[in-house]
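A quick note: this is a predicted structure, and the numbers were derived from the prediction, not measured. In the text below, chain A, chain B and the rest are named by the order of the sequence lines, each starting its count at 1.
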2 protein chains.
Amino acid sequence: MKASMTMIEPNGHFCSDCAVRGIAVCASLDPAELKEFEHLGRRVHFGAGETVFSEEDITTSFYNLLEGVMRLYKLLPDGRRQIVGFALPGDFLGMNTSGRHNFSADAIGAVTVCQFAKAPFGRFMEGRPHLLKRINELAIRELSQARDHMVLLGRRSADEKVATFLLGWRERLVSLKGSSNTVPLPMSRQDIADYLGLTIETVSRTFTKLERHGAIEIIHGGISLRDPARVEALAAA
Amino acid sequence: MKASMTMIEPNGHFCSDCAVRGIAVCASLDPAELKEFEHLGRRVHFGAGETVFSEEDITTSFYNLLEGVMRLYKLLPDGRRQIVGFALPGDFLGMNTSGRHNFSADAIGAVTVCQFAKAPFGRFMEGRPHLLKRINELAIRELSQARDHMVLLGRRSADEKVATFLLGWRERLVSLKGSSNTVPLPMSRQDIADYLGLTIETVSRTFTKLERHGAIEIIHGGISLRDPARVEALAAA
DNA sequence: CGGGAACTTGAGTATGGTCAATACAAGTGG
DNA sequence: CCACTTGTATTGACCATACTCAAGTTCCCG
């Protein structure tokens, strides 16, 4: 949304040192392949609120998120927004069958991605079925998450939505940074609302309600789970 | 739901004659591969309401839908149901990363599937990256559909949901059987409600409203689009 | 400090849900 | 062939959850 702070680092980085080496698509590559792969990607930084790619844009690149959080969303013509997911380090973005992106992606806070031009990436993948297999696995896992989210959007109450979101978000952070009852929420209330199919007011009220009941504590930039069991009960599986 | 009418046909069928040959996963196979592939799949029939597989079941097979319509759904512990999709001929079901199905699948009406045991299918796929690529394409396309559906569930009104569903369902049938303003709806109102995140009453009321406004005509086992433009306007993109 | 964005809180309302009655269609058996 | 059952769909009356609109608060950043 802001003026572009995009910066391309011209000199290479080493994939072997990469923070997401073990969890991203590149986890499927052996050291020799990694050496070659290194030349395909460019590290690119984005500032808070910047758009990395937009829905309907022709796909020229794929992206491997290295650092930061992104919101992935779709807009209706009248401006209503549905956030279809939040991306965290290790997530691979940009695959599609139509040649165009089917959602938009913004940086929430500062973000670093590893950007791959589509054609060379495709060529590299030819003859490396283990990479394709890895990408397929990630796609299938995402599909499973998407279905879970459909259940949330279609069949859960506001309280359940918020509680489920907090637990699910914590779970994702746990697998990246280890366990903690302090859950940072880098996204805005509006982002959370658009993710859960609610309004910002309902999200705010529900947070306050959870706090009044002693289930959470609202802290700066996030929440603290004071009574995880109670939140789990509210999430109702 | 009924007593099982499952029937396994012992003698082989010919993939080359298969109705979904050109649109299913097998579209990626050449005639020689197809000959081999033929021995992997078994045609299995299911009667109306029968469950083909259930969420949390250990995955032992994959399924290629040949004939009929299936509902794919998830249940909450208290029984609330979200239908995450309807499967039509050509759809490939059962892929997952956890070793367990992540949704349940019922036959709506009579159904024929081509069933593949997981292990032999996996072995066949090894060394045939074009098949893996095909499966990946299908997964990515489904992911895109899933995201569209999230927008519908999270951000659309009841009227928009119903109108969007009718148009989307027609579109899918068009690509299978050709264009028509008569749209068969083999699924029940309850199924439609659970797909759209509504109640059966709201779906029924909305159908009636669309009919009163001259947009559709409710016919036995489906609807007829009397004023497609008006339905499109209601779908609001 | 002052201005602005993000968030919270309140009051009133609308959309879609709940509960209940009725209609309709298809199948079963006398 | 008709009474009866069963399951599905429609319609109505009422209600609750979450939305809208509006004001007020907090926090950050210049």
Does Cys26(A) offer a backbone N or O that forms a donor-acceptor pair with the side chain of Arg21(A) under 3.5 Å? yes
Side chain to side chain donor-acceptor pair (under 3.5 Å) partners of Arg147(B), counting only residues at least two apart: Glu142(A)
Measure CE/Met187(B) against C1'/dG7(D) and give the value in whole Å, please. 18 Å
Between Ile192(B) (CD1) and dA9(D) (C1'), how many Å, whole number? 11 Å
Could you tell me, to 10°, how much the axis swings from one end of the helix from dC1(C)-dG30(D) to dG30(C)-dC1(D) to the other, five pairs per end? 30°
Salt bridge (Lys or Arg N to Asp or Glu O under 4.0 Å) between Lys74(B) and Asp148(A), intermediate numbers included: CA-CA 8 Å; Lys74(B) 294 177 72 96; Asp148(A) 286 341; 2.8 Å; yes
Taking any heavy-atom pair under 4.0 Å as a contact, classify Gly221(A): base, sugar-phosphate, or nothing. nothing
For Phe53(A), which residues count as a ring-ring contact (aromatic ring centres under 6.0 Å, His included) partner, sequence neighbours excluded? Tyr63(A), His101(A), Phe103(A)
To the nearest angstrom, the CG-C1' distance between Leu185(B) and dT8(D) comes to 14 Å
Can you give me the closest heavy-atom contact between Ile200(A) and Ala193(A), atom names plus distance? N-CB, 3.6 Å
Partner of Trp169(A) under side-chain contact (heavy atoms from CB on, under 4.5 Å), chosen from Ile223(A), Leu88(A), Ile192(A): Leu88(A)
Determine whether a donor-acceptor pair (N or O, by modelled atom type, separation under 3.5 Å) exists between the side chain of His149(A) and the backbone of Ala146(B). no
Among residues 198-208 of chain A, which contact DNA chain D at a heavy-atom distance under 4.0 Å? Leu198(A), Thr199(A), Glu201(A), Thr202(A), Arg205(A)
Using the heavy-atom set of chain A and a strict 4.0 Å cut-off, write down the first and last nucleotide of DNA chain C that makes it in, 5' to 3'. dC7(C) to dA11(C)
What's the shortest heavy-atom distance between Arg80(B) and Arg155(A), and which atoms? NH1-O, 2.8 Å
Distance in angstrom units between Arg212(B) CZ and dT10(D) P, rounded: 12 Å
For Gln190(A) and for Arg155(A), locate the closest nucleotide of DNA chain C by heavy-atom distance; then report the residue assigned to the nucleotide nearer the 5' terminus. Gln190(A)
Looking only at heavy atoms, the pair that brings Glu55(B) and Tyr73(B) closest together is OE1-O, 4.4 Å
So, Lys161(B) side chain and Leu196(B) main chain: donor-acceptor pair closer than 3.5 Å or not? yes
Sugar-phosphate or base contact per nucleotide [nucleotides 24-30 of chain D; S, B, -; heavy atom under 4.0 Å]: ---SS--
Side-chain contact, heavy-atom cut-off 4.5 Å: Met70(A) with Leu93(A)? yes
Taking Thr206(A) for the side chain and Thr202(A) for the main chain, is one N or O donor matched with an acceptor at less than 3.5 Å? yes
4.5 Å side-chain heavy-atom contact, Leu167(A) and Val231(A): yes
